[in-house]
Structure formats: structure tokens, C-alpha cells
Amino acid sequence: MERFRKTHGRRLDHEERMRKREAREGHKASKDAQNLRGLRAKLHQAKRHKEKIQMRKQIKAHEERNVKSASENDPKTPLPNYLLDRSNPAQAKALSTAVKNKRAEKAAKFAVPLPKVRGISEEEMFKVVSTGKKTAKKSWKRMVTKPTFVGPDFTRRPVKYERFIRPMGLRYKKANVTHPELGVTLQLPIVSVKKNPQQPLYTQLGVLSKGTIIEVNVSELGLVTAGGKVAWARYAQITNNCENDGCVNAVLLV
Amino acid sequence: MATVAPPPSKRQRREALERSQIQQDVTPPVIEAGSFKARFVDNDGNQLAETIEVPLADATEKNVSLLLNTLLGREREEFTPYRFRIHLPSSDTVIDNYPTPSEFLAVLRKHGVENPFETTITLSAEPQAVFKVQAVTRMSNKIPGHGEAILAAQFSPKTSSLLATGSGDNTARLWNTDSGTPKHTLKGHSGWVLALAWRPDGQNLATGSMDKTVRIWDESGQAVGRPFNGHSKWITSIAWQPFHLWRDDTPRLASASKDATIRIWIANTGITEHVLSGHKGSVSCVRWGGTDLIYSASQDKTIKVWNAIDGTLKHTLASHAHWVNHLALSTDFVLRTAFYDHTKNVPTSTEERRAKAKERFEKAAKQQGRIAERVVSASDDFTIYLWDPEQGTKPLARLLGHQKQVNHVSFSPDGTLIASAGWDNHIKIWGRDGKFLATLRGHVAPVFQCAFSADSRLLCSGSRDTTLKVWDMRSFKMSVDLPGHEDEVYALDWSLDGRLVGSGGKDKAVRLWRN
């Protein structure tokens, strides 16, 4: 094709055909979306999904470019002379200030964003494993059907002694943590599961269900405690049903 | 879900009991008999006294210091404490920390002196302040009052009971530090108060603001004269003319601004005497030296030296590769305090005051018989330069070691140490000739400011990590950690008699620290 094009050139109406095809692109996409079936539909949707994300990002970037930001020489909070002409990483700092302000209110100490959760029964949580003669007969082995957090130094016990299996595919190491006041979301490593409101057993197993309190590593934010030490972990509460979504979303407790 | 530790077992209890009953044997370490020959020199290497034999058993630093004082024929009341550094014969090694008598031989042997009884050891004696400042250890007052972050703080040179702070709420305030109460509110500015400076005799305070003006206030909180208009952008730094240079009792004032100029004002009338223009970027810091030179650091990477009398440019010191952030003079302390010293004897007449201020300046600036005021500059290019502007435009030393921008430098009151602080969370200490001495690690965020105590034995630093830390300048270790601020510490000053540290920051309250 390339050689042909080089020797004979394009068709005379090439430009027009291209313009028309481009103009009808939307119609074609719509038709495909409505009519494709099966795997093709899936592939098409996946492609379209990615395109849309890119589009939104681009629109957002354009919008940001058009907004006039407050002049950088005149920041809102007072700064000493030696900080005036510098761009300050204010984000993480604002975070820790917000934490401090919040902590001053006593009542807010024990409040969490999700106070109530749906109960999960053991039948739903565990699947009975019945492979092998003895295991089937006594049915003592369980497989956890929900996502879990497993510490980095965990090794599975011998088959004979392992009562609870936590499947590899349902293990998570990172959570998308949102700061409620700033509205920033960061992907942070999970340190531990502090409390699963359903049962202490689920806490021990590290089950990540909606409403669970987890500890996340915030060292990269550079927060500082009152004593001047670097705060490296903070609590967060899980806000989504991880087993449905395939990711862990959480809000930071401030 | 706190876990209670199990109670101690029977065996553990028995062992604890035994441990508490048996007494540790305390025998004093054996000090070897013998003596060494000591030769005393001062900082410039001149011999102070005859070589003398010192018995090893009594060779504590205090005793040797007494001995030197006696050799110099001083009266008991005039005794000066000394700090000694040991120079080893036939090598350049210097032992900075004087060992105790029991360790003396071991330390010498470690450095290759096998038989110290045969050799003469050179001890360089650094006079120390005759008074001693205790490290501040606790917060004595938290005084709310300002409505916004505190951006600058300075103690009055006259008395440590008066502290001035400038804030983002467009006011400056005077605080009574004895009672921990607000004294006066200086209202008038229409922008943040970014810079403030006490006149060296402590009568007036100058404040520079975001609203492009400089205002003068007296001790009772009243405005003096009209605001000084002229700058076209905000004021970054203010320096008063040193007391001994005042001509016909007229104080002058230099203000540096973002508009790249420095203005010299006659403080009584508010008339601009000179406009020093020549910088191409914001002037970040200005200092008025004791030889009537004005030093200015700028974001155009240069330091300029001006003659204050006619406003002409003397030198341009261009070695830095990025913004110059801060300047310090070796005589900062004496210029700031003029005729006030630790003795509380304040001369009454103007002539005596001037003579005393001049004498103090010359004593501080004199080096090898020559008045040499040294300047040290901190820059964004991670380096610090040491200059002697009288000598020319070549730097004396380039101080390398910081890993990020250097924000603040200061000379110790006796001029022997330089402290530099910056964005790499460390403070570095350098000798008078720019030799690296130590790194003070401890802060977990950029260090914004630091202040020496009046006797140069301690250093206090304030940081973004909300703490103040006090460092011992002999062992270069942290002596006290002072948490208490709820947010970044922007401004910090150690009172000139060493009684108090005052600090302020983003949490809007002034805090006073005592020992």
C-alpha cells in the first residue's frame, strides 16, 4: 500500500472521505456500542472507557489552564520573608493542621465516618473446604471469601494445620485513602487492620470489609506530631465493598 | 486492646532483689603519675606565657585555665575561663575536646604521642564568656494576642523584659516578658509586618511591612514621625546604623526591599538620604557594618558592599550561583547591643556610650591586630561563603556540606563559630576560618532560624517540625528538646542576657522559654 501510494499518490477525494469519516465517527461509535455483542462488546467498552478517561483528564487540564490562579507573590496565609518567593508544598502541611484542629474537639475523638455496617455472617464469610477424606468428613477447613490484608512476613502454615485459607487473589497491600477536608486521594500502603466491626476473628484474619478501620502508612506526607516526630501511620476507615470493586477505598480519620 | 505484660517470675524477682542489695564497687579511675609541658598560645598563634610543666593528676580544664590566668598575672576578679584545644607536636592534628585527666594519656597515645612527658604540648586558649547562660528547658509562657502567624521577633537590646514581634495581622506587638503579658499593640501598617529591628540603644523599634512602608515606634508603643514611603515593593529587611557611627546624634536606617533597592533613611525626619540601586533582583538581607559599610544580599546572586556615607558601591561579591538568602557579620551581636553588655553598667553620657560601643566593636572585630569584620552568606546553591570585604572581593572560604538550600546563617557573639541552617533539616557548625566542625542532626523538617546564646555556649534552633531545640556548642549534642508549638516556628530570638528565648510561628501565640 505504501509503495502504491508513493508511486501513484492518493485518490483525489481522499481528504474529503477522511473528513466525512471523521465526522461520522460519533455515529459509528454509538452504533457499535448498541449493537456489538459478546467479547467484541467487551473489548469495545474497555477501549471506550479508556478513551473517556483520557478525554476527561484533558478537559480538566484545559480548564485548569484557563483558571487564573491567585498571584503567587501574594499567598493568603502570612509567611515570613524567607519563605515568600518559594513555592511551598502546602498540601501535606494543611493536612496535619486539619488533624490538629480536629483533635481539639473532644466529641470528634471517637466518631467515625461510617458508624453502622451490614452484618456479615460466617456462612457468607467462609466457604467450607472439603477436599480430602478427613477434611471433608470433619469439615474443619475454611476459605475466606472476602478480601484480606496479610502482613508482609506471613507464610502459610502446613496444610494439616491451616484452618483459614486467605486466597492470594483477594489480598490487598494498598488502599486509596481520601482526606475528607482537602479532597485529595493518595494510594498508601496498608500497615495493619486495626478493627473489623463485625467480629474480633475477622480483625485477626485481616478481613477488609466496609467499615473496617485500617492503619495506613502516611510517612511520605511528612506529617509531624506535637512532639516533633514524623508521624508515619494513621487510621482510616474503609468506605467501599472491596469484594465488589476490586480495590480498597478509605477515608482518613482526622 | 492493650496487652498487659505478665508479672515477673519468681526468678526475675529474686534477681532484681539481689541486684538492689549488692553495692556496685566504685573506685576512682587510676590516674597515672607524671606531668607534661604545656605551651599556651592564643587564637592567632602568639605565645601567651612561658612553657610550664603541669602535673597530670591536676590537669583538668578548669585547673589549667586557672593556671593560665595566674601566669598572665590577672587578679582573682578578672579571671577569664578558657577553652583549650590541644595541638599535637609535629603534626597538624588538633584535639578539639579537652580530655579529663584520667583519659589524657590515652587520648594522646591514640594520636601517636607515646611519651608525653618528653614533649611540649601546645594548648590554644580561647577565652570564654565570664558569665554562663543556662539552657532554656521549659515553656514559661504562651501568650496569645496576635491574630495571624508571627513572622519576626526580636528582644530589646536594653532589657530582656521587652520582646517585639511582627505578625501577619498587620500589627507589631510589644510583650512584657517578666509577667508574660502583652504591653503595647503597634497598629498602623496595612500589610504583614515582615521585618523588625530595635535601634541599638533600645529606644526605638523599626518595622517594615508588606505595605511598602517602614514605621518607627518608641518603647511606649507610640508611632514616631510619619511612615517612610518610597519603596515600590515590600520591605524584606531592616538594619540600623551602629551606635558608634551616628553622626551628630542622628541615627540612620537602611531598609531592603523586594523592589531591588536599599534606602538609607534619616530616622528622625524620614528623609531618604540615599537610594542604593544596583541589584537586579529582590534584596533579601541588609546589614550595616561597624566600619560604615552596608552589606546587601540579593536574589540576583550577588552581595554588594556600599559606602554608607556617600552611598557608593564599593564591591560586588559575586561567587554564589543562586539566590543569596541571608547574611551575618562576625560583629552582629556587639553592633546590636552597642553599649549594653553583661555587666549592666550603662554609661550615662553620649560620649561615654559611644566610646564603649566603639571599644566593644573593635574588640570583637580585631583579628591579628587589624579590624576585620567578616561576612558570611547563605545561598540557595547549597553553599556558604565567608568574606572579608576589606580585603577584596575574593572569598576567604567556601563552606560546603549542606545538601539543600541554606536559609539562615549566624555568627556566635564571640565570633568563633558559624551556625548555618537550611532545608536539609540539619544545622552545621563551622569554625571562624570556615572549617567544618559538626553537623547537628535532630530536626525532622527544614530549620528556619537559629540563635546563639550570649555566651556562645549554646544554640537554639526553630524548625518547621514545630519544635525548638537547644544544642550544646562544646559537645555539639542536643541539650534540650522543646516541643510545645502547635505549628511551624518562624521567628526565634535569644534574649541578650540569656535569660529567655522567645519564639513565634504559625500558631499565632508567642512562647517564652526559660531554664
Side-chain angles (χ1 to χ4, degrees), chain A residues 70-105 110 192-197 199-204 206 212-215 218-232 235, chain B residues 1 146-152 166-170 191-195 208 210 233-237 256 258 281-282 284-285 299 323 325-326 378 380 405 407-408 423 442-446 448-449 463-469 481-488 490-491 504-508:
Chain A
S71 73
E72 290 191 355
N73 295 340
D74 204 12
K76 285 201 187 68
T77 52
L79 285 176
N81 169 31
Y82 49 83
L83 295 178
L84 271 178
D85 293 322
R86 296 174 189 279
S87 57
N88 284 301
Q91 181 203 33
K93 197 65 219 358
L95 218 149
S96 84
T97 312
V99 170
K100 273 170 206 146
N101 290 344
K102 188 79 179 193
R103 208 179 286 152
E105 304 163 22
F110 301 106
S192 64
V193 172
K194 276 294 143 194
K195 181 105 182 161
N196 189 313
Q199 262 195 36
L201 173 66
Y202 297 174
T203 311
Q204 271 178 11
T212 306
I213 308 290
I214 54 173
E215 197 175 24
V218 290
S219 58
E220 65 192 58
L221 301 182
L223 306 187
V224 180
T225 63
K229 303 281 189 297
V230 172
W232 73 280
Y235 290 174
Chain B
M1 281 176 275
H146 276 301
E148 276 294 351
I150 293 159
L151 309 179
S167 157
D169 62 358
N170 306 353
W192 312 339
V193 180
L194 289 171
M210 202 76 180
K233 283 209 176 135
W234 69 78
I235 314 295
T236 55
S237 172
K258 167 85 176 162
S282 168
S284 50
C285 187
Q299 290 182 355
W323 295 355
N325 292 324
H326 198 252
D380 258 15
Q405 293 94 320
N407 186 44
H408 189 269
W423 295 87
H443 282 292
V444 294
F448 287 147
Q449 301 268 289
S463 155
R464 170 170 273 173
D465 70 4
T466 73
T467 62
L468 267 63
K469 292 188 201 295
D481 187 3
L482 303 169
H485 272 284
E486 278 151 22
D487 219 323
E488 301 171 11
Y490 285 150
K506 210 174 173 186
D507 60 355
K508 304 170 194 173

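Bear in mind that the values here come from a model prediction, so they are computed numbers and not experimental data. Quick note: numbers below take in every heavy atom, side chains included, and nothing from hydrogens, waters or symmetry partners.
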Answer yes if the side chains of A/Y202 and A/Q204 hold a donor-acceptor pair under 3.5 Å, and no otherwise.
no
So, B/S167 and B/E148: side-chain donor and acceptor under 3.5 Å apart, yes or no?
no
Side chain to side chain contact (heavy atoms under 4.5 Å, CB included) filter on A/P197, not counting sequence neighbours, yields A/V117, A/T212
I need the residue from B/H326, B/Q449, B/H408 with the largest number of non-hydrogen atom pairs under 4.5 Å to chain A.
B/Q449
Examine whether an atom of B/D507 lies under 4.5 Å from a heavy atom of chain A, and if so say whether it belongs to the side chain, the backbone or both; otherwise answer neither.
neither
Under 4.5 Å from any heavy atom of chain A, what part of B/S284 do you find: side chain, backbone, both or neither?
backbone
Results of salt bridge (Lys or Arg N to Asp or Glu O under 4.0 Å) for B/D169 - residues two or more places apart only:
none
